[in-house]
Number of protein chains: 2
Amino acid sequence: MTLVKKTPTIQDVARFANVSTATVSRALSSPERVSEQTRARISEAVRVTGYTPNQSARSLRQRTARTILVALPDIGNSFFSVILDAVEREAASRGYGVLVANRFPRMDSGLRMRDYFLSNRVDGLLLLDGSVDLEQLMMLTGDPTPVPLIVACEEIPNAPFHTVKTDNGYAAERATRHLIDLGHRRIGHIRGPDGNVLTAEREQGYARAMQAAGLPICPEWVLAGGFEMEAGRAAAGRFISIADRPTAIFAANDESAVGFISGLRQHGLDCPDDVSVVGFDDLVLAAHIWPPLTTMRQPRAALGRIAAGALIDLIEGERRSRVPMHMVLSSEMIVRGTTARPPAPTAPASLSPALVVR
Amino acid sequence: MTLVKKTPTIQDVARFANVSTATVSRALSSPERVSEQTRARISEAVRVTGYTPNQSARSLRQRTARTILVALPDIGNSFFSVILDAVEREAASRGYGVLVANRFPRMDSGLRMRDYFLSNRVDGLLLLDGSVDLEQLMMLTGDPTPVPLIVACEEIPNAPFHTVKTDNGYAAERATRHLIDLGHRRIGHIRGPDGNVLTAEREQGYARAMQAAGLPICPEWVLAGGFEMEAGRAAAGRFISIADRPTAIFAANDESAVGFISGLRQHGLDCPDDVSVVGFDDLVLAAHIWPPLTTMRQPRAALGRIAAGALIDLIEGERRSRVPMHMVLSSEMIVRGTTARPPAPTAPASLSPALVVR
DNA sequence: GAAACCTCTGCAATCGATTGCATTAGTTTC
DNA sequence: GAAACTAATGCAATCGATTGCAGAGGTTTC
């Protein structure tokens with residue numbers, strides 16, 4: 001009843017199987033080095049005692065934590081949490097645990113980033129946030145790089161890190177072209193947050209597509225925004241007061257697109273009848289608002305899986321490539337209900353019977 | 001250049017400060033036991049060497065990981081990720097790391113739940129998922145409980161665990177009453193997933209409110225659903241074919257409410273003009289769709305913070321209360337745009353000027 | 001049939017911190 | 001001024017696994 005069973009150690013297994021602890025250890029980590037009979041006795045002993053290796057002891061000896069640290073700007077954001085999901089699964093399948101550090105840039109209280117490494121709690125860092133202090137980061141990686149590191153989603157310009165990301169510029173071009181193909185001529189853009197790499201890449205893609213089609217961009221069509229819904233809604237407020245306003249908008253991501261559409265409605269405009277909208281990301285949400293959102297799908301699960309896999313390869317690899325590796329995944333255009341041909345240019349809507357029928 | 005600096009150990013600090021490692025250890029963990037001068041020399045030495053305690057060594061010796069494991073059904077779901085955010089912050093502020101185990105119930109490949117404990121990787125478990133195999137869980141906790149465990153959000157019926165949750169039943173009652181107060185008489189409900197405790201609690205709250213108001217519940221008004229958007233949309237398909245259909249719906253959560261509203265639109269019905277809808281949770285999304293969703297706000301951040309705090313208290317506490325502790329947080333009614341007075345009962349809408357104005 | 005070579009196993013050091021016990025020096029008590 | 005404390009520190013064992021080295025026994029090679 002009050003008998004407290006201690007968790008079994010390798011000693012217990014060794015005693016039970018009548019071998020030394022060294023043999024038990026070898027039987028578990030490199031079975032081919034142990035004779036078949038002994039191996040059988042040991043696995044029986046493991047079964048009976050219910051032995052599980054103590055990770056702390058192993059970490060101490062091998063200087064390895066079998067854990068990766070994922071640093072992200074906002075777990076609460078579903079864009080990241082789906083990636084985290086994929087990361088967690090890939091890591092688990094390779095025997096690694098996942099520690100999360102949220103709100104990375106501001107993370108200076110409590111356990112600090114460096115400490116995670118120095119204290120041997122983690123073996124590698126997966127950075128899902130490009131807006132990080134480069135200097136601070138370089139301190140971690142030093143030369144020769146002691147810290148396996150992969151930057152995913154975003155990219156830190158001119159920094160020698162391995163990256164996994166999607167083809168943001170091209171995808172933005174593709175999204176804009178979709179609007180052009182539908183017949184839109186005045187096309188606007190809601191920007192991401194200032195100073196973010198993705199913001200720049202997507203805006204440039206938009207500009208390239210417009211230029212390629214020989215269409216002008218009026219500066220006031222490019223609205224300040226951000227990656228949150230609220231930013232999109234605020235942009236809608238400014239949008240409606242544009243004199244000769246666009247008939248279509250390419251938003252920097254799905255959240256701002258959703259907020260924008262909601263803001264349009266609030267001001268009495270409809271989507272897609274009055275304004276077509278394309279988003280970016282393809283959040284689960286995108287398919288389930290009304291009308292369903294046309295967007296560029298980022299392969300988030302693949303991204304998480306690949307990034308985690310690459311990080312673990314890096315951790316386990318003997319030699320670390322000095323040349324940073326860049327992986328680019330491609331996005332996919334998902335056409336749904338928020339894009340349509342532009343409204344008839346001049347005549348008032350009264351011509352259309354659809355409005356009456358409701 | 002090729003000089004590989006080893007990470008400093010307590011030995012290095014001891015040598016530098018000219019004391020034994022024992023003294024360094026004490027200076028760091030119980031400073032009052034070391035003379036002021038020595039303490040000063042040691043902190044100087046720590047500063048110079050850049051020492052950080054090796055967590056593996058500490059864990060091994062103290063049988064403590066300073067890490068908690070958070071098991072959740074779906075990180076990708078923003079409901080959970082906001083909670084995880086709060087948990088992570090609370091844990092970090094108390095010097096704990098957070099390991100995540102996603103899709104808990106199915107987690108049998110890779111690292112298994114038990115192993116996390118037996119291998120001494122984590123000190124406690126925060127369970128955000130009630131639909132877990134009780135037997136399997138009891139194996140973990142045994143008697144006397146070796147594993148500090150807190151169940152948050154959901155509750156495992158008849159299981160002797162500490163819980164932190166919100167007042168689901170009461171909140172559901174409150175949400176339904178809001179609809180009744182607006183004048184609705186035929187009020188339906190979209191249920192959560194079968195077999196979930198929350199599903200039952202919310203449905204019962206709905207039923208209580210109806211009963212208290214002397215209103216009947218027609219069985220076909222209670223629609224099968226789930227906690228995903230898709231479930232809400234599917235429910236809308238069945239909803240429209242109800243003969244004498246409700247003028248209002250209380251959905252089991254925000255996601256199903258959003259999917260439902262989207263489905264209504266798809267079938268030519270409007271919210272709130274034709275059907276009022278109340279959700280549950282108050283996701284960020286709720287305020288940003290159009291019309292903004294009326295819902296019951298669950299204090300998710302507080303819930304995560306409190307649960308994590310309680311778990312760490314449990315881990316660090318000398319004695320573990322044998323009596324399970326139940327904490328209940330209260331929800332808040334947030335009235336937005338998806339609820340309105342019911343449409344005029346008989347006359348066709350042509351009477352109402354509002355419809356023409358748009 | 002001696003030398004060389006495997007295969008399998010055990011011994012014991014090691015990873016880096018914590019902590020029970022012992023020791024030294026200084027202080028208080030009667 | 002001896003006994004009894006107290007404060008500050010060091011010694012060395014300990015946590016549990018891994019691994020370099022070496023030895024025992026057997027097999028192959030020439």
Side-chain angles (χ1 to χ4, degrees), chain A residues 4-43 45-46 49-67 95 115-121 123 316, chain B residues 5-43 45-46 49-67 95 115-121 123:
Chain A
V4 179
K5 239 187 319 188
K6 282 189 55 182
T7 57
T9 73
I10 199 170
Q11 320 277 352
D12 301 321
V13 177
R15 205 173 308 123
F16 191 95
N18 223 8
V19 292
S20 72
T21 61
T23 302
V24 175
S25 175
R26 281 188 286 255
L28 296 176
S29 55
S30 37
E32 76 284 357
R33 296 190 49 196
V34 169
S35 79
E36 186 146 2
Q37 297 174 25
T38 316
R39 212 186 310 150
R41 275 216 318 287
I42 290 175
S43 35
V46 167
T49 54
Y51 168 71
T52 307
N54 181 315
Q55 185 61 40
S56 307
R58 177 182 277 177
S59 292
L60 176 58
R61 180 62 222 242
Q62 305 195 83
R63 311 164 151 288
T64 265
R66 289 191 87 71
T67 301
D115 289 353
Y116 270 109
F117 287 98
L118 293 182
S119 68
N120 216 252
R121 289 181 84 134
D123 304 319
E316 295 183 344
Chain B
K5 241 186 319 186
K6 283 188 55 181
T7 57
T9 72
I10 200 171
Q11 319 279 351
D12 301 321
V13 177
R15 203 173 310 123
F16 191 97
N18 223 7
V19 293
S20 72
T21 62
T23 303
V24 175
S25 176
R26 281 189 284 254
L28 296 176
S29 56
S30 38
E32 76 284 358
R33 296 190 48 195
V34 169
S35 78
E36 184 146 3
Q37 298 173 25
T38 316
R39 212 186 308 150
R41 277 215 318 287
I42 289 175
S43 36
V46 167
T49 54
Y51 167 72
T52 308
N54 181 314
Q55 185 61 41
S56 308
R58 177 181 280 176
S59 292
L60 176 58
R61 178 63 222 244
Q62 303 193 123
R63 312 165 154 288
T64 263
R66 290 192 84 72
T67 301
D115 289 353
Y116 270 109
F117 286 99
L118 293 182
S119 69
N120 216 251
R121 289 181 83 135
D123 303 320

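Every chain is numbered from 1 and lettered A, B, ... according to where its sequence line falls, protein lines coming before strand lines.
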Atom [atom1] of [X] and atom [atom2] of [N]: how far apart are they, to the nearest Å?
| X | N | atom1 | atom2 | answer |
| --- | --- | --- | --- | --- |
| B:Glu36 | D:dA7 | CD | P | 15 Å |
| B:Leu60 | D:dT14 | CG | C1' | 9 Å |
| B:Ile42 | D:dG10 | CD1 | C1' | 12 Å |
| A:Arg15 | D:dG16 | CZ | P | 11 Å |
| B:Asp115 | D:dG16 | CG | C1' | 16 Å |
| A:Glu32 | C:dT9 | CD | C1' | 15 Å |

**Q.** side chain to side chain contact (heavy atoms under 4.5 Å, CB included) between A:Thr67 and B:Arg121, worked out
**A.** CA-CA 10 Å; A:Thr67 301; B:Arg121 289 181 83 135; 2.8 Å; yes
Q) With respect to the phosphate group of C:dG16, does any side-chain polar atom (N or O) of A:Arg63 fall under 4.0 Å of OP1 or OP2? A)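 For C:dG16, OP1 or OP2 has a side-chain N or O of A:Arg63 closer than 4.0 Å.
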(Q) Side-chain N or O of B:Ser35 versus OP1/OP2 of D:dT9: is the shortest distance under 4.0 Å? (A)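 The answer is yes; a side-chain N or O of B:Ser35 sits under 4.0 Å from OP1 or OP2.
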So, does [X] use its side chain to make a donor-acceptor pair with the main chain of [Y] at under 3.5 Å?
| X | Y | result |
| --- | --- | --- |
| B:Ser59 | B:Thr64 | yes |
| B:Arg39 | B:Ala27 | no |
| B:Asp123 | B:Arg66 | yes |

Q. When rounded to the nearest 0.5 angstrom, what is the spacing between OG1 in B:Thr7 and CZ in A:Arg63?
A.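 Rounded to the nearest 0.5 Å, the OG1-CZ separation comes to 6.0 Å.
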Q: Describe the nucleic acid contact of A:Ser56 in one word from base, sugar-phosphate, nothing, applying a heavy-atom distance below 4.0 Å.
A: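 Counting heavy atoms under 4.0 Å across all strands, no contact is made by A:Ser56.
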(Q) I need a per-nucleotide contact map over nucleotides 17-25 of chain C, read 5' to 3'. Cutoff is protein heavy atoms under 4.0 Å; write B for the base, S for backbone only, - otherwise. (A) SBBB-----
Q) Does any donor atom in the side chain of B:Thr23 or B:Ser20 lie under 3.5 Å from an acceptor atom in the other side chain? A)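 Yes, because at least one side-chain N or O of B:Thr23 sits under 3.5 Å from a partner of the opposite role on B:Ser20.
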